[in-house]
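Accompanying notes for the structure given below.
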Amino acid sequence: MKKSNKILFFGNERLATGVVTNTPIVRSLIEHGYIIEAIVVPASKTSPSRKTRPLEIAAFAKEQGIELLELNALLPNLERLKSFNAEVGVLAAFGKLVPQEVIDIFPYGIINIHPSLLPLHRGTIPIEAVILSGEKQTGVSLMKLVKQMDAGPLYDQTVLSLSGNESKQELADRLGALGSERLIKVLPQILGDQLKPKPQNGNQATYDSRLHQSQAVLDFSKSKDALIREIRAFKGWPRSRSAINGDPIIIVSAHSIGGSNDARPGEFFAREGELAVATSDGILIIDRLIPSGGKEMSGNDYLRGRRLN
RNA sequence: CGCGGGGUGGAGCAGCGGCAGCUCGCGUGGCUCAUAACCACGAGGCCGGCGGUUCGAGUCCGCCCCCCGCAA
């Protein structure tokens with residue numbers, strides 16, 4: 001008996017806020033002969049917008065002639081979802097909880113690719129959380145989706161060592177690629193009933209609550225290392241913010257340097273032609289920033305137009 | 001009709017009715033053991049576009065185009 005290789009895909013593959021994706025998971029499934037019956041994403045808000053960033057996966061669906069279902073809610077569309085007769089669901093960055101009734105329509109349930117070493121970093125910001133806490137490693141987990149957030153039993157887990165300098169985008173890319181690679185490896189075993197998922201140790205679970213915009217304002221009484229991690233983790237969204245002489249700025253990237261200074265934490269100053277700011281334990285050089293109303297530019301360029309002191 | 005900021009030499013900005021300027025970069029020459037070097041000279045602008053007001057418009061008025069931030 002040969003099982004069908006029909007899959008229903010849930011999610012947009014944006015593993016972190018403010019990143020772009022080349023949708024590696026759905027691409028790789030297709031390359032390996034699986035048939036994506038449809039791609040399901042939560043309906044985009046209809047609020048008026050100066051510029052909306054279209055989902056990469058929507059463009060991919062169009063290019064491949066795959067049906068894209070933008071749904072406000074899954075339950076009212078249960079029959080529709082059933083009609084595809086998919087063997088299994090695959091979910092990556094869906095952004096909403098999936099009701100048990102939907103999970104149950106698939107003989108093999110829904111497989112969730114989660115970019116962390118579960119049970120660590122359950123929730124919607126695993127990538128940001130790992131950067132913020134400066135962890136040495138992270139990874140990708142494949143689990144059987146259950147109703148409770150990120151609590152399903154694990155099929156597979158792979159560790160990724162970190163240098164500590166990865167950007168959010170870079171981590172999202174690497175974990176997305178790794179996740180798709182593992183999925184291709186493991187999916188045949190799941191569909192062949194050769195792999196049983198192992199329960200997570202719920203006692204060790206950590207859960208990250210989503211980021212809030214109020215966290216975006218940099219607090220220079222923190223250490224320079226913590227501030228740099230924040231800037232990296234918040235890049236894209238919610239973005240790290242501050243102000244120079246009342247001029248609001250977004251700090252895109254920065255690095256720390258040794259040396260002391262007599263500036264108070266939070267005070268910006270020019271240092272050898274570069275834009276610097278004092279922290280509680282050192283100096284940050286602002287590499288890239290966005291002034292209000294302006295485009296992203298280097299700290300040096302900022303200094304040329306608006307001299308401090 | 002969502003809210004707001006902005007388009008001025010290659011980069012970043014100032015100028016807001018009367019000869020288009022500053023910092024940097026670039027070129028040439030000079031100076032220094034050396035420096036984010038320094039000094040002198042120089043090139044480089046249809047001031048986003050179209051129309052209007054005016055003796056005179058980057059500058060004021062109207063419309064349009066483009067960029068950016070917020071609103072996940």
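Naming convention: chains lettered A, B, ... in sequence-line order (proteins, then strands); numbering from 1 in each chain.
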For this session: Would you please determine if the base of B:G12 is stacked by A:Y302, with stacking meaning a centroid separation under 5.5 angstrom and planes under 30 degrees?
Result: no

Exercise. Does the side chain of A:D247 come under 3.5 Å of the side chain of A:Y302 through a donor N or O and an acceptor N or O?
Worked result: yes

Exercise. Side chains of A:S141 and A:Q157: do they bring a donor and an acceptor to under 3.5 Å?
Worked result: yes

Exercise. Is B:G49 in the syn or the anti form, by the rule that syn lies within 90° of 0?
Worked result: anti

When the [atom1] atoms of [M] and [N] are compared, how many Å lie between them, rounded to an integer?
N	M	atom1	result
B:C47	B:C19	C1'	15 Å
B:U28	B:C68	P	36 Å
B:G12	B:C67	C1'	15 Å
B:C66	B:C24	C1'	26 Å
B:G30	B:C22	P	25 Å
B:U35	B:G6	C1'	37 Å
B:U53	B:G7	C1'	23 Å
B:G42	B:A34	P	27 Å

Choose from [options] the nucleotide whose nearest atom is closest to any side-chain atom of [X].
X	options	value
A:R241	B:C68, B:A11, B:C70	B:C70
A:R306	B:C13, B:G69, B:C22	B:C13
A:R307	B:G69, B:C22, B:A72	B:C22
A:I290	B:G69, B:A72, B:A11	B:G69

Exercise. Between A:E296 and A:G293, who's closer to the 5' end of RNA chain B by nearest nucleotide?
Worked result: A:G293

Please check: side-chain N/O of [X] versus main-chain N/O of [Y], any donor-acceptor pairing under 3.5 Å?
X	Y	result
A:Q204	A:N201	no
A:R27	A:N22	yes
A:K6	A:I35	no

Whole-Å gap separating [atom2] ([N]) and [atom1] ([X]):
X	N	atom1	atom2	answer
A:N300	B:G10	CG	P	20 Å
A:L275	B:C24	CG	P	17 Å
A:M297	B:G6	CE	P	13 Å
A:K295	B:G10	NZ	C1'	13 Å
A:R304	B:C24	CZ	C1'	4 Å
A:I250	B:A72	CD1	C1'	14 Å
A:W237	B:G69	CH2	C1'	15 Å
A:L289	B:A11	CG	P	17 Å

For this session: Verify side-chain hydrogen bond (donor to acceptor under 3.5 Å, both in side chains) between A:S223 and A:D225, making sure each step is shown before the conclusion.
Result: CA-CA 5 Å; A:S223 73; A:D225 292 339; 5.5 Å; no

For this session: Using a heavy-atom cut-off of under 4.0 Å over every strand shown, decide if A:L303 touches base, sugar-phosphate, or nothing.
Result: nothing

Within a strict 4.5 Å, meaning less than it, do heavy atoms of the [X] and [Y] side chains meet?
X	Y	result
A:L69	A:L81	yes
A:Q64	A:I30	yes
A:L132	A:E230	yes

Problem set entry | Short side-chain N/O contact to B:A72 OP1/OP2 from A:R239, under 4.0 Å | no

Exercise. Taking atom NZ of A:K136 and atom OG of A:S161, what is their separation to the nearest 0.5 Å?
Worked result: 11.0 Å

Can you list, pair by pair, the side-chain donor-acceptor contacts under 3.5 Å of residues 120-131 of chain A, counting residues two or more places apart and other chains?
from	atom 1	to	atom 2	distance (Å)
A:H121	ND1	A:D208	OD1	3.4
A:H121	ND1	A:D208	OD2	2.8
A:H121	NE2	A:E135	OE1	3.2
A:H121	NE2	A:E135	OE2	2.9
A:R122	NE	A:D150	O	3.1
A:R122	NE	A:Q200	OE1	3.2
A:R122	NH2	A:Q200	OE1	2.7
A:E128	OE2	A:T17	N	3.3
A:E128	OE2	A:T17	OG1	3.1

Exercise. So what does the secondary structure string of RNA chain B come out as, 5' to 3', with Watson-Crick or wobble pairs under 3.5 angstrom, [ ] for crossing and | for pairs with another strand?
Worked result: .(((((((.[[[[.)..(..]]]].(((((.......))))).....[[[[[..)....]]]]]))))))..

Contacts under 3.5 Å, N or O only, protein and nucleotides 32-39 of chain B:
from	atom 1	to	atom 2	distance (Å)
B:A36	N3	A:G273	N	3.3

